[in-house]
Structure formats: C-alpha cells, structure tokens
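Hydrogens, waters and symmetry mates play no part in the numbers below; they use all other heavy atoms, side chains included.
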Amino acid sequence: MNFPTITPMTDAERVLDQIQRGELRCGREAARAIAARHQAAYGDAFHGTPAEALQNSIAWGKAVASLTFREVA
C-alpha cells in the first residue's frame with residue numbers, strides 16, 4: 001500500500017495562509033484595535049515612557065518590600 005508523502009508547511013506559510021483566510025489580523029488597524037481593547041480593559045496602567053514606568057514599578061516594589069520585610073531588632 002502506498003501512502004502519499006506529506007510535506008509539512010513552514011510557519012511562515014501557515015501564518016500567511018491564516019492571514020489570507022482572515023483568521024489573523026495584522027497591520028496598523030489591528031494594532032490600534034488591540035491597543036484600544038487593552039486601554040478599555042486596563043486603563044492607563046503605565047504613565048510616561050516605558051523606562052519611567054519601569055522606574056516607578058521598581059520604586060513601588062521597594063516601598064512595598066520595606067513595609068513587608070522589616071528587620072526585627
């Protein structure tokens with residue numbers, strides 16, 4: 001009995017096929033829609049630049065840690 005040889009498709013081929021079928025969205029409009037969805041769900045989770053957001057997050061973590069892990073004399 002002969003079985004046909006199946007050649008697996010590459011990830012690039014699979015993704016391009018999904019885009020053509022409308023299963024995936026890409027591009028500016030899709031990015032805007034995703035950003036709007038995140039904004040609606042989470043609000044302004046970060047203010048300023050990503051570096052400023054990281055610095056604020058680190059400062060917040062240090063403040064919480066200083067309240068939580070006090071040394072007992």
Side-chain angles (χ1 to χ4, degrees):
M1 181 177 243
N2 263 345
F3 293 102
T5 303
I6 298 174
T7 304
M9 69 172 51
T10 66
D11 286 341
E13 291 171 326
R14 181 181 50 79
V15 170
L16 290 174
D17 286 344
Q18 289 174 325
I19 292 169
Q20 286 176 344
R21 291 191 302 266
E23 296 171 4
L24 293 177
R25 293 178 56 205
C26 63
R28 293 179 192 165
E29 288 303 316
R32 287 187 188 105
I34 291 168
R37 215 170 38 231
H38 281 261
Q39 179 70 23
Y42 306 113
D44 291 324
F46 299 103
H47 301 285
T49 66
E52 292 169 337
L54 177 60
Q55 288 175 339
N56 292 340
S57 181
I58 290 169
W60 176 261
K62 286 180 179 179
V64 170
S66 71
L67 296 173
T68 308
F69 301 109
R70 291 186 184 189
E71 289 187 27
V72 178

Side-chain donor-acceptor pairs under 3.5 Å in residues 30-38, sequence neighbours left out?
from  : atom 1 : to    : atom 2 : distance (Å)
Arg32 : NH1    : Glu29 : OE2    : 2.9

Heavy-atom neighbours of Arg28 CZ exceed 12 at 6.0 Å: no
Taking Arg14 first and then Asp17, would you say they form a salt bridge - that is, a charged N and a carboxylate O separated by under 4.0 Å? no
